[in-house]
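Some notes on the structure that comes next.
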Protein chains: 2
Amino acid sequence: MRELIAKYREKGFKLTPQRLAILNFLDGNTSHPTADDIYREIKKNYPAVSFATVYNTLQALRDRGKVAEITIDFQKKHYDPDIRPHHHIICTECNKIADVFQDYSEALRLPYNIKGEFQSTGNHVNFYGICKKCRNLSRYVSKRENKKRRTKLCA
Amino acid sequence: MRELIAKYREKGFKLTPQRLAILNFLDGNTSHPTADDIYREIKKNYPAVSFATVYNTLQALRDRGKVAEITIDFQKKHYDPDIRPHHHIICTECNKIADVFQDYSEALRLPYNIKGEFQSTGNHVNFYGICKKCRNLSRYVSKRENKKRRTKLCA
DNA sequence: TTACAAATTTAGAATTATTCTAATTTAGAT
DNA sequence: ATCTAAATTAGAATAATTCTAAATTTGTAA
Ligand SMILES: [Mn+2]
Ligand SMILES: [Mn+2]
Ligand SMILES: [Zn+2]
Ligand SMILES: [Zn+2]
């Protein structure tokens, strides 16, 4: 945490109590929170905190490459304080997200027709699945609203 | 197109002129349009068409597994009338999206720790890159707003 | 054909996530 | 202690999407 502070103080990143709370919440967090998740958490200790502050801080961190936004949820952005390259798996029942640390770059070669059109700079894999908890629940629950499940282009 | 109509008429899917226009626009379309793209296109021939109709139709198609939504753009949903399993590459400069038809499932094995927690049902790869057009442009344009580029968890 | 119920269309309001604004406060430097 | 740039705040603005309720249309069956 000490180092965190030092790390951010450079580059005119002012450290306010609100920001420290946000930084602290994010540090080592593997839950991929949304802005709202963060807001509700920070509000516990800083009841006057504003939504704008959360967004401002996230933008500041994002612009400095300290958090990543992940494209996995249709409704809202999720933030990831772990900026090491990695992938994600999301439970299609409860939307729980987990990290997948594994480099597939070697295997993810683009087909020739694409290589002519695009110069690839990176890749990110979204895995879909059912988490353990939901798998157990589904024993007792009839598979309702199956038709409403989104069509995913899953391989 | 004849078959398209027959295909949708089953299951109480009523075919209105507006829907036919949408179906027609989507049929074989590889541009991954947003709801707004579709709306603006349909409006050319049906100036009175409503946004709600576009969304309603997309929902109906989605619920019947006839179009997929793709998670690649932070701002809005893109729709894909091609529901064969495939992946995408997006230009980080102009957001152009292209299809990547290649099955990487064999290589995309989950690490053991995840296998215990999730039962995987599918995967989707987002590639990032620069398209040919933007690559050429960038010769003449200074690399502005480089700092504002989002941190992507690219491998 | 005609009649009809159920599905669809529509304008506009509502909702939700995110960004912007402008006045006030605060952090960090001197 | 002073000062300025940066950060905070409430609330308004924006943008994508969904909802509502009344009017219209479709497909079907008499
Ligand atoms: Mn992660
Ligand atoms: Mn596609
Ligand atoms: Zn789950
Ligand atoms: Zn491009």
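In what follows, chains are A, B, ... by sequence order, proteins preceding strands, each numbered from 1. Quick caveat: nothing in here was measured; it's all calculated off a predicted structure. Values below: every heavy atom of this structure, side chains too, minus hydrogens, waters and symmetry copies.
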note: A:Tyr39, atom OH; C:dT16, atom P; distance rounded to Å ~ 15 Å
Would you say C:dT19 has OP1 or OP2 under 4.0 Å from some side-chain N or O of A:Lys77? yes
In terms of heavy-atom contacts, B:Ile72 and B:Ile90 come closest through CD1-CB, 3.6 Å
For the residue pair B:Asp73 / B:His78, report whether a side-chain donor-acceptor contact shorter than 3.5 Å exists.
yes
side-chain hydrogen bond (donor to acceptor under 3.5 Å, both in side chains) filter on B:Thr30, not counting sequence neighbours, yields none
(message) Under 4.0 Å, heavy atoms only, any strand: does A:Ala60 hit a base, just the sugar-phosphate, or nothing?
(response) nothing
Q.
Under 4.0 Å, counting only non-hydrogen atoms across every strand here, what does B:Asn56 touch: a base, just sugar-phosphate, or nothing?
A. base
A:Gln18 CD to C:dT26 P, in whole Å, measures 9 Å
At 4.0 Å (heavy atoms only), tell me whether B:Thr16 reaches a base, stays on the sugar-phosphate, or touches nothing. sugar-phosphate
For a quick test of reading the model: is some side-chain N or O of B:Gln75 closer than 4.0 Å to OP1 or OP2 of D:dA16?
no
In whole angstroms, the gap separating C1' of C:dT16 from CZ of A:Phe51 amounts to 10 Å
C:dT19 phosphate, OP1 or OP2, under 4.0 Å from A:Tyr55 side-chain N/O: no
Rounded to whole Å, the CZ-C1' distance (A:Phe13 to C:dA27) equals 13 Å
Exercise. Any side-chain N or O of A:Arg19 under 4.0 Å from OP1/OP2 of D:dA6?
Worked result: no
| said: Check the phosphate of D:dT17 against B:Gln59, side-chain N and O only, distance under 4.0 Å to OP1 or OP2. Yes or no? | reply: no
Rounded to whole Å, the CG-C1' distance (B:Leu61 to C:dT8) equals 13 Å
Cation over ring, B:Arg109 on A:Tyr104, under 6.0 Å and within 45°? no
Rounded to whole Å, the CG-C1' distance (A:Asp73 to C:dT16) equals 13 Å
Using a cut-off of 4.0 Å on non-hydrogen atoms, how would the nucleic acid contact of A:Lys76 be classed: base, sugar-phosphate, or nothing?
-> sugar-phosphate
Separation of C:dA6 atom P from B:Leu15 atom CG, nearest Å, is 20 Å
By nearest-nucleotide position on DNA chain D, the 5'-leaning member of B:Ala35 and B:Lys14 is B:Ala35
Rounded to whole Å, the OH-C1' distance (A:Tyr46 to C:dT25) equals 16 Å
Comparing B:Ala52 with A:Pro17, nearest DNA chain D nucleotide closer to 5' gives the residue A:Pro17
Is the A:Tyr39 ring parallel, tilted or perpendicular to the A:Phe51 ring (thresholds 30°, 60°)? parallel
